[in-house]
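Okay, so here's the structure we're looking at.
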Amino acid sequence: MNDASSKPPGNTWLLRHNQAAGAALLALLLALFSLSFTLGASPASADTSSSARISLDANLPAVSASGQSVTVTGTITNTGPTDMAHAVAHVSVGTQLLDTRSAAESWMTGKLDVPTTQKATADAGALSAGSSTPFSVTIPGKKLDYGYGLASLPLTVTVTDGSSAGASGIRGMARSTLALQNKPVPSPLQVTVVIPLTLPADPDLFGPSGAARAAAWERAIGPNSQVQQTLDAFAGKPVIFAVDPALLDPPPAADGNVPAVTPSESPSGSPSSSTSGGSSGSSGSGQHSGASDGTSSTGDSSGTPDPTSTTSGTPSGGSTSTDDTNGTDSGTTSGSSGSSDGSTRSTTPSSPTSTTPPKTPHGKIDAAVSALSARLTSLDAKQSVWWLPSDDPDLTALRQRGTAGTALASRDFSRPLPAGVKHLGDTRLVWPTGDLAGTAVTSFAKDLATRSKSPTMALLPSRAVGGSPATTATHRAAGTSGVLTYDEQLSKAFSTSTTSPGTQTSRLLTQSLALYQQSPGTPRSIALVAPRTGGANPTQLAAQLDALGAAHWVKLRTGTQTATALKSAPRTSLLRNPGTGDSTPKVARAALTKAELNDLAASRQRLTALQSVLVDGEDVIPDRKRGLDIIGSTRWRGTAAKLAAVADRNTVAVTAMLHKLTIRSSTINFFADSGDISITISNELNRPVHNVQLDVQPRKYLIRVTNSVKTVDIDATSRATAHFHIEAVGGGTVPLDAVLRAPDGTPLTDADVPSPVQINVHPTSGWIMWVLGVIAGLILVVGLWRAIRRGPRTASAPAATDSPTPNDAIVDAGRKPTAHTEHSDRYTDDEGTDTDD
């Protein structure tokens with residue numbers, strides 16, 4: 001029991017000993033934590049989401065040497081609800097090298113915490129809520145005396161309300177880097193920079209003629225446009241411009257009519273004075289002219305304008321026709337020529353002569369195009385132009401849409417470069433948006449080279465090729481004239497994002513230095529690309545390029561040098577599927593749908609039919625078809641609503657164009673067993689049409705049409721009449737399916753629209769003859785009945801009151817020849833004078 005009673009005191013001593021050790025350990029930890037906070041504050045301890053936003057500019061200089069002072073500038077915005085009485089900017093620098101790409105990116109994105117030491121401060125003054133103020137902090141050179149040959153060091157800018165830099169007083173923080181170079185660099189990275197020049201996703205660029213379209217083109221390529229600002233920002237800098245030829249060759253407007261014939265155009269191909277298959281006749285033909293925006297003017301004609309009534313059919317046919325258009329009768333057009341096949345061609349235009357003002361919307365577009373062309377012609381010798389396919393087709397999306405999509409791409413490949421700019425270079429560029437299989441890239445490159453007859457380069461992310469893309473950006477691959485691969489991570493840094501310009505510049509310098517330090521001294525090349533469709537601020541991009549050019553580990557390469565390197569580049573193969581990775585620059589979702597491609601195909605078919613009948617149609621319709629193909633451009637990514645609006649407007653314009661050829665609405669009363677009827681066709685197009693086939697088919701078997709197809713020629717803004725011989729089978733109302741067709745049979749009018757022509761058939765061998773016979777019989781019977789009822793006629797006796805005729809009364813029984821009488825009778829002439837015969 002004594003042993004048992006002695007244990008509790010021992011346990012108590014052990015417990016007390018452990019408590020004392022724990023307290024000492026806790027005190028030691030608190031002391032270490034306090035010391036660490038005193039020696040260096042971790043940026044992660046700052047509340048970066050508090051009440052001040054910091055936007056940084058590029059350091060001055062962007063790349064410095066040890067012992068050289070550096071100025072950090074930017075803007076502070078008070079995003080909090082209260083005023084800042086005394087805003088102070090603090091600049092701190094750390095000594096840990098950001099010598100790998102992962103470390104550099106982790107630091108810039110806030111995933112890596114590195115201790116930093118404050119180097120300099122500057123007062124920004126009072127800052128009210130919601131206001132902004134610039135700041136500038138200069139770090140003395142003596143505080144930047146580092147012995148690194150090349151280095152990228154972490155840098156922070158914090159803002160406090162007051163001079164205290166304690167964690168509780170920090171209102172905001174931004175991260176950047178300090179780039180140092182203290183020695184020459186052997187074999188710097190050869191960097192090729194590609195800057196796209198393309199059109200924005202503005203539907204007004206491709207709308208109908210007029211001021212809105214002209215204004216859109218001035219916004220897109222005029223003096224204050226993104227394109228001109230980009231050329232200004234990169235003036236004299238060694239870059240390759242990837243240019244969409246559509247900048248210098250605008251597609252035609254989405255008008256509902258074709259351009260009128262200008263006086264300078266040849267009249268060859270216009271309808272002659274006789275119709276197809278008919279005898280010659282005489283008809284006047286006016287000179288048509290107009291602006292490209294769809295307005296027209298017509299010359300004088302001997303015919304009467306816009307007839308008001310029409311009678312169709314021959315006398316033997318006994319038919320009459322009434323046009324229902326506008327609720328009025330329409331008459332025979334004066335000055336039309338006839339033909340033996342029953343068709344006539346009117347020569348009376350229905351619009352007055354008009355002229356185009358000197359300063360038209362179309363003229364403004366031409367002026368903007370000429371100015372841009374001159375600007376490209378005057379580029380610096382260090383700058384090169386590589387041409388994208390016309391309209392910058394979205395090759396990835398088109399490939400995914402099947403045959404219709406690849407056919408659209410081939411049409412874009414076939415379009416030649418605009419006149420006057422071929423001296424800038426003939427290199428064509430295949431630049432898919434997003435990932436595209438290597439076989440598809442090769443197929444597109446071959447197709448483009450065949451159709452353009454020019455060397456064709458492919459611009460792809462580095463993960464799209466096999467071998468060692470990390471060592472070079474220039475490759476030779478089968479089916480191409482060369483492959484230039486760009487670094488996606490660097491290209492991501494070479495863009496404008498939500499971060500500040502200085503942060504982006506620091507990220508670009510840090511990433512490029514980390515890439516160089518992977519294998520310093522080894523000859524290597526890389527490429528980086530800017531975002532498409534104006535997705536970056538050109539001034540900021542140019543500032544980043546200047547900073548990159550100041551780095552010793554980078555040498556910017558011209559387009560000529562890049563083309564030379566491509567000729568001697570190592571051979572490689574395009575991967576069947578590009579390696580995994582985040583496509584950069586970031587691309588939006590493709591907007592083109594299969595339904596829109598199907599509508600495009602239908603519209604192209606209808607335009608082809610119109611081209612076959614339009615006089616000089618090959619001069620205007622192919623360009624109009626090109627205007628339909630704009631829906632396949634890369635510019636529409638992420639803007640599905642705008643693409644749909646453009647596609648719908650094109651479809652409506654084509655429909656309106658075809659609806660300029662119409663069959664006049666009429667009701668024909670046909671009172672015959674057989675005869676001719678007349679159908680009028682109107683052409684409201686600004687150009688004549690020829691060889692238009694009018695096909696009529698009765699919906700009821702009450703009539704037979706002897707020759708149901710007639711060929712008609714019609715002048716611009718005029719009418720013509722076609723005659724058809726029909727035979728009546730029975731009486732009744734017969735709608736006619738009247739359709740205008742091209743010579744190949746393609747409908748020019750909507751075949752499913754109700755027919756505007758119907759015939760009221762009254763054959764003479766039918767009920768009307770029975771009615772007439774019955775009426776004649778009734779008349780005969782009534783006449784006989786009245787004759788029988790009245791009986792035979794007898795001479796009536798003289799009335800009792802009648803007195804005999806005096807002997808001396810003279811009765812004129814007519815003039816008698818004197819040669820046959822023995823005595824002379826006397827008579828009274830018309831004037832009451834007695835005359836001897």
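Along the sequence shown, residues carry numbers from 1.
In this structure, A242 and W431 approach most closely via the heavy-atom pair CB-CZ3, 4.1 Å. Summarising the geometry of D204 relative to R649, their closest heavy-atom pair is N-NH2, 4.1 Å, with the distance given to 0.1 Å. The two residues P251 and G627 make their nearest non-hydrogen contact at CB-CA, 4.2 Å.
Judged by distance alone, the side chains of T662 and E684 never bring a donor and an acceptor atom under 3.5 Å apart. Residues S209 and D255 bring a donor and an acceptor atom of their side chains to less than 3.5 Å of each other. A donor-acceptor contact closer than 3.5 angstrom links the side chains of R532 and T433. Side-chain atoms of T608 and Q605 form no donor-acceptor pair, as typed in the model, at a separation below 3.5 Å. In summary, the side chains of D412 and S390 do not present any donor paired with an acceptor at a separation below 3.5 Å, with no hydrogens or angles considered. Side-chain atoms of K660 and S682 form no donor-acceptor pair, as typed in the model, at a separation below 3.5 Å. Using modelled atom types and a 3.5 Å distance limit, the side chains of T456 and R428 yield no donor-acceptor pair.
Checking R635, R626, R411 one by one against D391, the salt bridge (charged side-chain N to carboxylate O under 4.0 Å, His left out) holds for a single residue, R635.
The side-chain heavy atoms of M457 and T427, taken from C-beta on, include a pair separated by under 4.5 Å. Residues S633 and D394 have side chains not in contact (no heavy-atom distance under 4.5 Å, counting atoms from C-beta outward). Residues T711 and L694 are not in side-chain contact: their nearest non-hydrogen atoms beyond the backbone lie 4.5 Å or more apart. Between T749 and L658 the shortest side-chain heavy-atom distance does not fall below 4.5 Å. Two residues are said to be in side-chain contact when any heavy atoms from C-beta on lie closer than 4.5 Å; T655 and V652 fail this criterion. Looking at heavy atoms from C-beta onward, T198 lies in side-chain contact with L388 at the 4.5 angstrom threshold. At a threshold of 4.5 Å between non-hydrogen side-chain atoms, the residues K422 and L424 do not count as touching. Two residues are said to be in side-chain contact when any heavy atoms from C-beta on lie closer than 4.5 Å; F241 and Q383 meet this criterion.
Residue K446 qualifies as open at atom NZ: its count of foreign heavy atoms under 6.0 Å is 12 or below.
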- Working for side chain to side chain donor-acceptor pair (under 3.5 Å), residues R399 and T406: CA-CA 6 Å; R399 185 75 175 190; T406 54; over 6 Å; no
